[in-house]
Protein chains: 4
Amino acid sequence: MKEVSKRETILDAALSVVAAKGYISTKVEDIARKAGVAKGTVYLYFKDKSDIYIGLVDSILSKGLELVREIDSRPLSQREKLSEVFAAWVRGMHEQPGMVPLVSMESINLAAREVDRFKQSIKPRIRELIEAIAAIVRPGIEAGEFRRVDPYMAALMFVHSFPMNIMVVRHKLPVQDPVGTTLDMFFHGILPGTEPKPNHNGNHRKPL
Amino acid sequence: MKEVSKRETILDAALSVVAAKGYISTKVEDIARKAGVAKGTVYLYFKDKSDIYIGLVDSILSKGLELVREIDSRPLSQREKLSEVFAAWVRGMHEQPGMVPLVSMESINLAAREVDRFKQSIKPRIRELIEAIAAIVRPGIEAGEFRRVDPYMAALMFVHSFPMNIMVVRHKLPVQDPVGTTLDMFFHGILPGTEPKPNHNGNHRKPL
Amino acid sequence: MKEVSKRETILDAALSVVAAKGYISTKVEDIARKAGVAKGTVYLYFKDKSDIYIGLVDSILSKGLELVREIDSRPLSQREKLSEVFAAWVRGMHEQPGMVPLVSMESINLAAREVDRFKQSIKPRIRELIEAIAAIVRPGIEAGEFRRVDPYMAALMFVHSFPMNIMVVRHKLPVQDPVGTTLDMFFHGILPGTEPKPNHNGNHRKPL
Amino acid sequence: MKEVSKRETILDAALSVVAAKGYISTKVEDIARKAGVAKGTVYLYFKDKSDIYIGLVDSILSKGLELVREIDSRPLSQREKLSEVFAAWVRGMHEQPGMVPLVSMESINLAAREVDRFKQSIKPRIRELIEAIAAIVRPGIEAGEFRRVDPYMAALMFVHSFPMNIMVVRHKLPVQDPVGTTLDMFFHGILPGTEPKPNHNGNHRKPL
DNA sequence: GATGAATGAGCATTCATTCAT
DNA sequence: TATGAATGAATGCTCATTCAT
């Protein structure tokens with residue numbers, strides 16, 4: 001229905017291939033084949049291989065950011081917004097498991113000459129994403145919904161909780177409701193003294 | 001005291017080179033040169049290039065684990081132990097900045113055939129490390145020092161807070177006392193209701 | 001006429017280089033240079049170095065086999081056919097001296113893991129060639145033209161006489177008409193009792 | 001019982017290893033290990049790797065030559081001597097299968113710089129061996145026991161019949177009494193007209 | 001725009017040889 | 001004599017990138 005540009009077709013192919021084999025093991029030809037185009041065609045839309053990778057991460061981050069902004073505009077409490085963002089990300093991860101290894105900014109092992117360009121391109125997008133989370137936290141603090149933590153740090157912690165959550169799912173660790181558990185710890189910490197609302201998992205308890 | 005095995009010499013060299021250039025960009029010859037040995041010598045101690053990488057991560061994790069166990073044996077509260085582990089890791093990171101990109105389990109971009117071997121070797125070590133943290137959390141819960149969270153998840157969150165903290169330092173984000181802030185959020189979450197002890201940063205507030 | 005496939009071009013280059021330097025000493029780059037292509041191009045047509053070698057031997061054996069079959073179809077006595085095959089092989093050897101070291105099945109010194117592949121590919125071709133010779137011997141026996149020897153053994157002896165003949169030429173041994181001499185011994189043996197027809201070389205004599 | 005020199009110990013080890021894996025695949029360390037000495041020790045007795053190979057072939061050829069001379073001194077007909085030499089070689093081959101790939105002078109695929117030295121050393125030994133065979137043929141011709149063939153060519157054919165015979169055994173070709181058959185063809189050729197003595201195989205027939 | 005055959009720089013790995021002990 | 005840890009030259013192979021069609 002939607003006219004998908006060839007660039008996007010290639011990017012989609014790249015996502016699935018890179019997800020399956022990792023960036024290093026992925027050959028440009030693999031991506032081309034998966035996208036149903038010739039190798040040369042890829043170079044009509046991307047400067048070089050790392051440009052594909054940058055495009056890939058950029059695309060994922062853009063979608064993540066879009067999601068955050070959409071949810072931020074809903075009439076929810078800030079806490080509910082964060083919960084919803086997290087849940088949406090996890091859902092997205094299940095639909096596109098390929099994005100998992102891509103979300104960590106440190107996860108790159110590019111050739112030396114590519115690293116700088118990558119950082120130039122991606123760092124601002126990550127910061128943008130974190131800012132968008134911080135923009136949810138900040139009014140929450142103002143409204144007394146959250147403690148007076150550093151919003152940027154809170155956003156960082158939130159973002160970093162995501163790959164952790166993935167790890168649980170990936171390695172099939174025996175944790176019930178990992179999303180709920182992660183958010184629970186994110187919101188209440190591990191010290192007693194907050195009063196998490198009871199939930200069906202029951203893996204919480206009244207503080208002393 | 002100075003009696004260092006050649007294997008360790010090579011591993012040290014590998015750490016500094018890989019830290020500086022990334023695994024992919026690091027040539028075995030770079031490592032050899034840095035270690036002051038010939039290329040062939042490296043292959044007397046390591047099967048192949050990825051074996052060096054495995055050795056590297058393994059060594060770092062071992063040191064981290066050792067540290068955890070040592071601190072766990074001190075006469076401290078469980079919370080103090082966690083704080084101390086975190087601070088020690090951060091100190092270590094400043095001494096060995098190379099370890100930073102290596103601590104994330106997802107940070108690998110090895111060639112396809114190497115991935116399995118890597119996971120075989122490293123996964124158990126990571127799990128061991130997380131278990132050691134969980135072994136601090138668990139008695140804390142029993143003693144009522146912590147909420148009744150899933151100890152394994154708490155350990156995961158703790159471990160994942162580390163790279164986040166690194167990011168702050170790395171990118172020189174304007175956060176005062178990132179270690180304290182990170183631990184604060186880890187312990188108290190971002191919701192009001194716990195009563196963190198006032199500190200000079202003032203980033204705490206009365207719960208509602 | 002001149003339309004030669006690139007694969008054949010490479011094979012021709014490989015023949016002359018391998019003939020001159022031996023398989024081991026031949027670098028893939030040598031072959032590429034000789035063929036007027038880049039190193040990578042060679043790998044578009046051959047899986048690896050030993051695949052070139054297999055292709056080489058296969059090609060030579062195919063040509064030898066083709067020759068045998070063509071001659072077998074001519075209206076000659078079986079003995080004349082064998083003589084003609086031998087002479088044609090020797091002529092071919094003078095045009096393509098490179099094939100010499102390749103005709104012996106034992107002449108291989110490949111790396112261990114390559115040996116199996118080589119044998120898989122080449123053994124059947126050699127057997128085919130020997131069978132084609134045996135197919136000339138067999139009707140000769142039926143017709144009483146040859147003694148009732150084992151056709152397969154006779155074919156083997158015939159084939160093995162070829163490298164012997166080459167050796168004579170190669171090392172410039174002082175033998176007149178080595179081809180005639182070789183065939184003479186192949187047909188009559190060294191015992192007296194057969195009556196070889198006098199020929200212009202005169203290097204034969206009446207048996208007692 | 002017999003005081004075996006270390007040089008011979010190494011040579012024996014080399015034979016079995018080279019026989020099993022081929023010259024190229026054989027590492028000096030393999031030979032050393034098999035001989036029960038350290039790698040460096042090998043270099044006390046051999047200049048380099050190809051020197052071992054030369055020593056190996058030289059040793060085999062020497063034994064073969066010794067055998068020929070011993071048999072030549074026995075009170076037998078020249079024909080019986082040749083038969084006996086052939087049979088003895090085949091017996092030796094069964095005891096030391098490793099020698100098989102080594103007997104053909106063309107079977108070498110040494111590195112370029114080694115080829116010349118090899119030929120310098122080995123060619124004279126091969127020629128010596130062939131001369132020793134020719135020295136059996138020559139008086140046979142004088143005595144009318146053999147046709148007036150070129151003795152050197154006959155010797156060559158004789159020597160080249162050996163690897164052929166090996167091939168039959170190696171590849172388990174369905175030939176009864178390969179030694180007898182080979183000698184039969186060597187002595188009588190394949191044409192009718194000689195009168196081989198009837199034997200139990202019955203693979204003889206009346207000449208026309 | 002699209003193709004895919006051709007390119008060649010780049011690198012891990014091997015192993016014969018040396019030499020300090 | 002004997003050792004075996006250390007060396008480093010040598011080379012097969014990959015794959016991102018180009019460009020003639």
Side-chain angles (χ1 to χ4, degrees), chain A residues 6-7 10 24-33 35-53 111-114, chain B residues 5-7 10 24-33 35-52 111 114, chain C residues 6-7 10 24-33 35-52 111 114, chain D residues 6-7 10 23-33 35-53 111-114:
Chain A
K6 190 154 288 188
R7 188 175 191 280
I10 294 170
I24 296 297
S25 301
T26 295
K27 290 148 203 56
V28 173
E29 176 143 32
D30 296 335
I31 296 174
R33 195 183 308 119
V37 300
K39 219 187 326 176
T41 306
V42 173
Y43 284 87
L44 296 176
Y45 295 91
F46 297 91
K47 199 171 81 50
D48 55 24
K49 191 190 174 188
S50 62
D51 195 37
I52 303 174
Y53 190 73
R113 56 182 175 182
E114 303 168 332
Chain B
S5 81
K6 191 151 289 188
R7 188 175 190 278
I10 294 170
I24 296 297
S25 302
T26 296
K27 286 136 207 68
V28 174
E29 178 146 29
D30 297 335
I31 296 173
R33 195 182 309 118
V37 300
K39 216 182 335 172
T41 306
V42 173
Y43 285 88
L44 294 178
Y45 296 91
F46 298 91
K47 200 171 83 49
D48 54 22
K49 192 188 171 190
S50 64
D51 195 38
I52 303 174
E114 304 168 331
Chain C
K6 191 149 290 185
R7 189 175 190 279
I10 293 170
I24 296 297
S25 301
T26 295
K27 285 136 209 64
V28 174
E29 178 147 28
D30 296 336
I31 296 174
R33 196 183 306 119
V37 300
K39 213 184 336 170
T41 306
V42 172
Y43 286 89
L44 294 179
Y45 296 91
F46 297 92
K47 202 172 81 49
D48 55 23
K49 192 187 171 191
S50 63
D51 196 37
I52 304 174
E114 304 169 330
Chain D
K6 190 154 288 188
R7 189 175 190 280
I10 294 170
Y23 175 71
I24 295 297
S25 301
T26 296
K27 289 148 204 55
V28 173
E29 175 143 33
D30 295 335
I31 297 174
R33 196 182 308 118
V37 300
K39 218 185 328 173
T41 306
V42 173
Y43 284 87
L44 296 176
Y45 295 91
F46 297 92
K47 197 171 85 48
D48 55 24
K49 191 188 173 189
S50 62
D51 195 38
I52 303 173
Y53 189 73
R113 55 182 178 182
E114 304 168 332

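In what follows, every chain begins at residue 1, and chains take the letters A, B, ... in the order their sequences are listed. Source: prediction; values computed, not measured.
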I want to check one thing: is the phosphate of [N], taken as OP1 and OP2, less than 4.0 Å away from some side-chain N or O of [X]?
X       : N      : value
D/Tyr43 : F/dA2  : no
C/Tyr45 : E/dA6  : yes
C/Lys47 : F/dC13 : no

On DNA chain E, compare the nucleotides closest to C/Gly36 and B/Gly40; which residue's is nearer the 5' end? C/Gly36
B/Thr26 vs C/Lys6, nearer the 5' end of DNA chain E by closest nucleotide: C/Lys6
To the nearest angstrom, how far is [X] atom [atom1] from [N] atom [atom2]?
X       : N      : atom1 : atom2 : value
B/Ile31 : E/dT13 : CD1   : C1'   : 14 Å
B/Asp48 : F/dG12 : CG    : P     : 21 Å
A/Ile10 : E/dA2  : CD1   : P     : 8 Å
B/Asp51 : E/dT13 : CG    : P     : 10 Å
D/Arg7  : F/dT1  : CZ    : C1'   : 17 Å
D/Ile24 : F/dT11 : CD1   : C1'   : 14 Å
A/Leu44 : F/dA20 : CG    : P     : 15 Å

Using Watson-Crick or G-U wobble geometry with both distances below 3.5 Å, tell me the partner of E/dT7, or none.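 Paired with F/dA16.
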Less than 4.5 Å apart, any side-chain heavy atom of C/Val28 and any of C/Tyr43? yes
Take D/Asp30 and D/Arg33, measure what side chain to side chain contact (heavy atoms under 4.5 Å, CB included) needs, and give me the verdict at the end. CA-CA 5 Å; D/Asp30 295 335; D/Arg33 196 182 308 118; 3.7 Å; yes
Starting at the 5' end of DNA chain F and moving along, which residue's nearest nucleotide shows up first, C/Thr41 or C/Glu29?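 Its nucleotide being nearer the 5' end, the pick is C/Glu29.
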Once you apply a heavy-atom cut-off of 4.0 Å, does A/Lys39 come out as touching a base, just sugar-phosphate, or nothing?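 The residue A/Lys39 makes base contact.
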With a non-hydrogen cut-off below 4.0 angstrom, is B/Phe46 in contact with a base, only sugar-phosphate, or nothing? nothing
From the options F/dT7, E/dT17, E/dG4, select the nucleotide whose nearest atom is closest to the side chain of B/Ala38. F/dT7
Residue that, paired with B/Val42, satisfies side chain to side chain contact (heavy atoms under 4.5 Å, CB included) out of B/Val37, B/Asp48, B/Asp51: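 Option passing the side chain to side chain contact (heavy atoms under 4.5 Å, CB included) with B/Val42: B/Val37.
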